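See below for the structure under consideration.
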Amino acid sequence: MALEKLVIKNFRCLESVEFEPHPDGNIIVGENASGKTSLLEALFFVGRGRSFRPAQTEGLIRDGSSSFQLVATVGYKNRSLVLGLEVAKDSRTVRIGGQAAKSLGELAEYLPVQVIDPDVHKLVEDGPGGRRQFMDFGVFHVEHTFLDTWRRYQRALKQRNKALKTDPRVASAWDPELIQAGDALDVLRRGYVDELLPVAQDWVQFFLDGELELKYRSGWAADRTLAEALSHSHQRDRDFGATLVGPHRADLELRVHDRAARGRVSRGQQKLLASALLLAQVELMETRAGPGVLLLDDPAAELDSERLSRLLARVQGLGSQCFVTGLKLEDLAEFKSGSVFHVEQGNLRTVL
């Protein structure tokens, strides 16, 4: 799966851009605030239905416009497929192959995209929500039963929480469905983490020359089943008006150099660790589901020249379509791209 063409209208500083990338490697150069990251952000939005930068919808719409439009042609299962989005402040329209999609989340199947940007450390540093999203994105692309299981669990959780707030006496009626879907979700996540660990360890060794410990925390006490945990937490759930145990509270515990990664290692090490995890996910996804799209936003600003050269050489060994941004082409000399683009004041032109 790869991007064949992207048409952008009124997205951030990009008024009107048509982009036909190379199927393998692409370099995008330009000064700061020229629109390089906005181009990657638009591409990411096509695959994820959201930005990778903190932004409200109105912040993505170009000043003076009421909406933005993204139309992407992607290679999917040996054919070209058009994904179309129009996003206004209060409405969103998504079409896949000419048919209306039920949600933005459906886009992920057709253009699996991962990004490594200057805020990548937040995967390690911030709370467990981002790490759950990281796990679930990976499981979604390698286990076909995941999405239905996840939706079942979310529906049961929503109804149970609603009952805990309005009529706690009936909340337990949702326990059987919550337990069944929750146990299945837990098995899928646990199996994915087991598969990811050796691949991630290889990338951590590459970046940090250290050993990675990656432990999956299910969201309830390890010495109990989910059914037992829900029963034990019933009164606390009633008191708080919310379900306090379950897969929605799962996390990944990360340790490197025999230290907890969150709050115990430097910001630079956190960035390298998070990058290792994301690249491991890309590699595993390629093995299990086929290649996708990898975005590297200004890696030259984050890595010393030796690590940058090694990274650029290694990502080209992956099968994913890759997009790399930078200030100057010479900073990315190790990246043997198929195409080079220059961005200036929101305008894109092909260099090579």
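In this text, all values refer to a predicted model and were calculated from it rather than measured experimentally. Position 1 is the first residue of the sequence; numbering continues from there.
Rounded to the nearest 0.5 angstrom, L43 CG and Q321 CD are separated by 7.5 Å. Note that CD of Q205 and CD of E211 are 6.0 Å apart. Values are rounded to the nearest 0.5 Å.
Cation-pi check for R48 over F137 is met; the charged atom lies under 6.0 angstrom from the ring centroid and within 45 degrees of its normal.
Of all heavy-atom pairs between C13 and S34, the closest is SG-O, 4.2 Å.
The number of heavy atoms from other shown groups lying within 6.0 Å of CG (D167) is above 12. The environment of CD in E58 is crowded: more than 12 heavy-atom neighbours from other residues, nucleotides or ligands sit within 6.0 Å. In E306, the CD atom is not crowded: 12 or fewer heavy atoms of neighbouring residues, nucleotides or ligands sit closer than 6.0 Å.
A 4.5 Å side-chain heavy-atom check between L212 and L273 finds at least one atom pair inside the cut-off. The shortest distance between side-chain heavy atoms of Q69 and N10 falls below 4.5 Å. Residues F323 and L39 have side chains not in contact (no heavy-atom distance under 4.5 Å, counting atoms from C-beta outward). With a 4.5 Å cut-off on side-chain heavy atoms, E109 and I96 do not count as touching. A heavy-atom distance below 4.5 Å is not found between the side chains of V256 and Q269. Using a 4.5 Å heavy-atom cutoff, the side chains of L111 and Y76 are not in contact.
Between the side chains of D194 and Y216, not a single donor N or O lies within less than 3.5 Å of an accepting N or O.
With respect to R314 and D202, a salt bridge is recorded, a charged nitrogen being found less than 4.0 Å from a carboxylate O.
With hydrogens and angles ignored, the 3.5 Å screen pairs a side-chain donor or acceptor of T166 with a backbone N or O of K162. With hydrogens and angles ignored, the 3.5 Å screen pairs a side-chain donor or acceptor of Q281 with a backbone N or O of F134. In this structure, the side chain of H22 engages the main chain of D24 through a donor-acceptor pair within 3.5 Å. One N or O on the side chain of H248 and one on the backbone of T243 form a donor-acceptor pair closer than 3.5 Å. At least one donor-acceptor pair closer than 3.5 Å links the side chain of Q316 to the backbone N or O of E334. A side-chain donor-acceptor contact under 3.5 Å links K36 to the backbone of G30.
For an aromatic pair to be called close, the ring centres must be under 6.0 Å apart, and Y192 with F146 fails this.
The salt bridge (charged side-chain N to carboxylate O under 4.0 Å, His left out) test with E125 is passed by exactly one of R262, K271, R267: R267. Screening R151, R189, R131 for a salt bridge (charged side-chain N to carboxylate O under 4.0 Å, His left out) with D136, the sole residue that qualifies is R189.
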Go through the steps to decide whether W203 and F206 satisfy the test ring-ring contact (aromatic ring centres under 6.0 Å, His included), and finish with yes or no.
CA-CA 5 Å; W203 280 100; F206 173 80; 5.6 Å; yes

